[in-house]
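What you are looking at is a predicted structure, and each value in this text was computed from that prediction instead of being measured. Each ligand, and each atom within it, is numbered from 1 in the order the structure gives.
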Amino acid sequence: MAAEWRKALRALALTALAVVWVGCAPEHYPQSIFGPVTDFGVRINSLFTGIFWWTMLVLVIVESALIYILIRYRNRPGAEPRKVYGNNLAEIGWTVGPTLIVVFILVPTIRTIFYTYEPPESEPLVVEAVGHQWWWEFRYPELGVTTANELHLPVGRPIEVRLSSVDVIHNFWVPRLGGKRYNIPEPARAPDEPEGRNYNVLYFTVEEPGEYLGQCAEFCGTSHALMRMRVVAQSAEDFQAWVGAMTDTTRAVPGAVATAATAAPDTQSLEARGYQVFLRTGCTACHSITGTPAAGQLGPNLTRIGSRWAIGAGLLENNEENLARWIRNASALKPAAKMPPFPNLSDEDLQALVAYLSSLK
Ligand code: CUA
């Protein structure tokens with residue numbers, strides 16, 4: 001009998017351990033808050049852990065007292081109820097007790113709030129994260145870079161994310177970085193009102209290179225659940241290389257470099273034909289590509305679109321087949337997407353366009 005009990009206990013302990021292990025393993029839950037990679041995330045997490053254990057202590061004390069009292073003062077023949085009304089000691093006890101509990105929660109919480117709003121000591125890298133229905137725009141004003149849905153950040157340098165929106169309220173949330181915080185559309189300002197800061201900010205330093213998934217955390221319309229993003233945290237050198245590639249104006253026009261060298265413009269390749277389709281089909285009204293005349297501001301910036309992990313803000317794997325489906329009819333894949341369908345684009349033109357966009361790496 002004893003051996004069976006031991007076996008059962010061991011199985012139970014292993015199961016509990018497995019549950020804890022899975023719960024702690026961020027690779028199983030890429031959007032878990034339990035694997036913070038920023039100072040911000042670590043602070044929030046330790047606040048949570050601290051409060052969790054305080055409340056567990058309260059639970060044990062209250063439940064023990066309850067069980068003791070239920071047994072000790074259970075109904076017995078001849079027992080009389082005892083009145084404690086007007087007992088000063090008891091009154092003071094159950095006023096002071098909960099007050100102390102609230103103080104133990106309040107003090108670390110307020111300290112953490114102040115910590116997360118404190119600007120970093122060294123100059124942060126400023127990133128503007130702009131919410132759109134339903135995708136993310138990321139601008140680096142100091143670097144002259146704009147991209148979409150994929151936020152590249154250097155590890156070890158403080159980041160200042162300025163959160164805003166062009167339409168409705170969105171919410172920037174990359175659980176492993178910490179957060180979440182609102183993207184609020186710019187409020188109307190009276191003409192005589194002085195310009196002030198009118199956006200939310202998030203300060204953090206990413207400590208660990210890696211790729212972290214995030215998504216909009218405020219219901220913002222039909223495709224709210226399809227408003228995802230990916231953060232690529234990389235070493236300072238890799239980040240510089242990325243910035244260099246993003247600002248390289250020679251990449252986007254097929255054969256541009258060869259043209260300068262050979263004086264023979266490339267008009268024959270599929271990519272070169274795709275580039276012409278891109279220019280004449282109206283794509284440039286909404287999209288920008290660094291190094292081309294395309295300077296539209298309404299849709300995602302497509303500079304180096306071919307290197308991004310997904311299309312449609314995390315909706316589909318980034319491959320030629322999906323890109324063609326997306327261009328043909330985006331709102332069939334993503335409800336209410338603002339990109340218009342292109343039913344009249346010939347299959348040849350579509351294929352060339354997809355080849356051009358995929359070549360932007
Ligand atoms: Cu944007 Cu939900």
Audit row: Leu57, Trp53, side chain to side chain contact (heavy atoms under 4.5 Å, CB included) steps and yes/no = CA-CA 6 Å; Leu57 184 68; Trp53 287 116; over 6 Å; no
Which N, O or S atom of His224 lies nearest to atom 2 (Cu) of ligand 1, by name = ND1
Atom 2 (Cu) of ligand 1 -> Glu218, closest N, O or S atom is O
Can you say whether the rings of Tyr140 and Phe239 are parallel (under 30°), tilted (30 to 60°) or perpendicular (over 60°)?
-> tilted
Plane angle bin for Tyr73 and Tyr68 - parallel if under 30°, tilted between 30 and 60°, otherwise perpendicular | perpendicular
Can you tell me the angle formed at atom 2 (Cu) of ligand 1 by SG of Cys220 and SG of Cys216, to 10°?
-> 120°
Does Arg230 pair with Glu211 as a salt bridge, N-O distance under 4.0 Å?
-> yes
If you draw the axis of the six-membered ring of Tyr115, does the NZ or CZ of Arg43 fall within 45° of it and under 6.0 Å from the ring centre?
-> yes
Short check: any N/O/S atom of Gln133 below 2.8 Å from atom 1 (Cu) of ligand 1?
-> no
Answer yes or no for His170: is there an N/O/S atom below the 2.8 Å cut-off from atom 2 (Cu) of ligand 1?
-> no
